[in-house]
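Below: the structure, in structure tokens.
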Amino acid sequence: MQRIFSMLWLLIIYMNGYAQQAQIVPGAVWHDTAGNGLNAHGGGILYYNNTYYWYGEIKQGVTWRVPGSTWENYRVNAGGVSCYSSKDLLHWTYNGVALPAEKTDSTADLHISKVIERPKVIYNKKTGKFVMWMHIDSPDYRYARSGVAVSDRPEGPFRYIGSVRPNGNMARDMTIFQDDDGRAYHFYSSEENETMHVCELTDDYLSHTRNDHRILIKRSREAPAVCRYNNRLYLFTSGCSGWTPNAAAYAVADSIMGQWTEHGNPCKGADADSTYHAQTTYVLAVPGRKNCYIFMADRWNKNNLEDSRYVWLPLIFNTAGIPGITWKDQWKITE
Ligand code: GAL
């Protein structure tokens, strides 16, 4: 009897940890509310109608190295973009594939043989549309473009419009930042990943204006993530070393199109020099909370990309406005 009781008890503990993750556990396997592995890499968050939507790359199936590549070009078939939703940033319900990959037309941007990375979605109040921007590339990463898709609902399905080189520039790793005044900006690694660009999008968010600035010139930064804190803007990036992690850095500006001043690594403590074995993807300013930011990163597993993990950590600004990130085995947003 005692044995049955303790087995039941273990089962309860296991189920609780499995389906009802009560805390954020960076680097662990994360599950959705149906108990399936959460598949949303290089992702970003949209907050809409009191709900968080998490969009990310679907990385599923066999990982291989692209033949003839001189660098560690490991990949899986492009799986499209997934969408999960949550009320508390802990329990994520799978909403399905927001933007599917194309299985037959091998010339299409979204063909499974291509690269679909770092999707970011924002809502346009004026048009009532949800707009997704993403990095679109060929398997050898020479295509270097930005793709855009649109939807009437946050869950999708998104309709792919096409891809561009913004103002004729190469574009790889990217993020979209929507400012409080409704203007949206595209940050993208350009010029062979040597120089970051920031470009204002048009009012409908579907194309680029000519307001396109070069920042972090020849600094070779990628994986950009942007937030606003106390009237200043903060841009977090990684160095360029493929799937292998490196040290993050941040830059600060008083206005988006102004001067970006570079600073060092916001990460502290053990493993700070590898961003805790991860790479930036997004910074979430948690709505309705002051000085509550989440630094979101991907812990890539280049040999099995499907098993890449999520490293979410609190990002805290001190009284001088200096951002700091420290490792936590597990944590809660209320802390
Ligand atoms: C990284 C980039 C990832 C992915 C990877 C491919 O530098 O941040 O998004 O493109 O390279 O190796």
Side-chain angles (χ1 to χ4, degrees), residues 39-44 54-82 99 101 109-110 112-120 132-147 163 165 170-176 186-197 216 219-226 235-250 265 267 273-283 295-311:
N39 202 323
H41 310 277
W54 177 359
Y55 303 88
E57 305 157 17
I58 301 173
K59 293 214 175 302
Q60 224 155 33
V62 185
T63 300
W64 74 93
R65 186 168 176 172
V66 174
S69 56
T70 50
W71 51 289
E72 292 195 309
N73 190 2
Y74 290 94
R75 53 174 286 112
V76 289
N77 272 354
V81 178
S82 57
L99 181 72
D109 277 3
L110 302 183
I112 51 171
S113 62
K114 307 285 176 66
V115 168
I116 307 171
E117 289 180 342
R118 301 191 175 268
K120 303 288 177 282
M132 178 190 293
W133 280 94
M134 70 212 91
H135 171 197
I136 295 290
D137 228 317
S138 46
D140 62 1
Y141 286 82
R142 302 306 309 158
Y143 195 46
R145 292 166 81 91
S146 305
S163 67
R165 279 197 167 184
M170 294 177 93
R172 293 201 180 102
D173 276 9
M174 51 144 281
T175 196
I176 298 289
H186 184 199
F187 287 75
Y188 60 97
S189 295
S190 191
E191 306 175 28
E192 299 290 2
N193 291 355
E194 279 191 346
T195 294
M196 186 77 64
H197 280 233
L216 314 186
R219 302 294 293 155
S220 295
R221 306 301 301 176
E222 59 181 12
V226 182
L235 164 62
F236 299 84
T237 59
S238 76
C240 294
S241 54
W243 302 117
T244 307
N246 54 55
Y250 72 100
N265 190 351
C267 301
D273 55 354
S274 70
T275 320
Y276 318 107
H277 310 285
Q279 183 188 28
T280 9
T281 184
Y282 196 75
V283 169
F295 178 83
M296 300 178 171
D298 294 289
R299 184 175 284 175
W300 302 114
N301 178 346
K302 68 180 179 195
N303 296 310
N304 180 7
L305 285 162
E306 181 173 346
D307 188 37
S308 299
R309 309 284 176 86
Y310 313 103
V311 171

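Note that ligands are numbered from 1 as they come in the structure, with each ligand's atoms numbered from 1 the same way. Residue numbers count from 1 along this sequence.
A distance of 9.0 Å separates CD1 in I116 from CD1 in I58, rounded to the nearest 0.5 Å. Atoms CG and NZ, from N77 and K114 in turn, are 12.5 Å apart once rounded to the nearest 0.5 Å.
Residues satisfying the ring pair (Phe, Tyr, Trp, His ring centres under 6.0 Å) criterion with Y276, sequence neighbours excluded, are W327.
Enumerated by chain and number, the residues approaching ligand 1 to less than 4.0 Å through a heavy atom are W71, E117, R118, Y141, D173, E222, G242, W243, Q279.
If you check the side chains of E72 and W243, you find no donor sitting under 3.5 Å from an acceptor.
With a 6.0 Å radius and a threshold of 12 heavy atoms from other residues, nucleotides or ligands, R165 has its CZ atom above the threshold.
Evaluated for a side chain to side chain contact (heavy atoms under 4.5 Å, CB included) with C240, the options N193, N246, D173 yield exactly one hit, N193.
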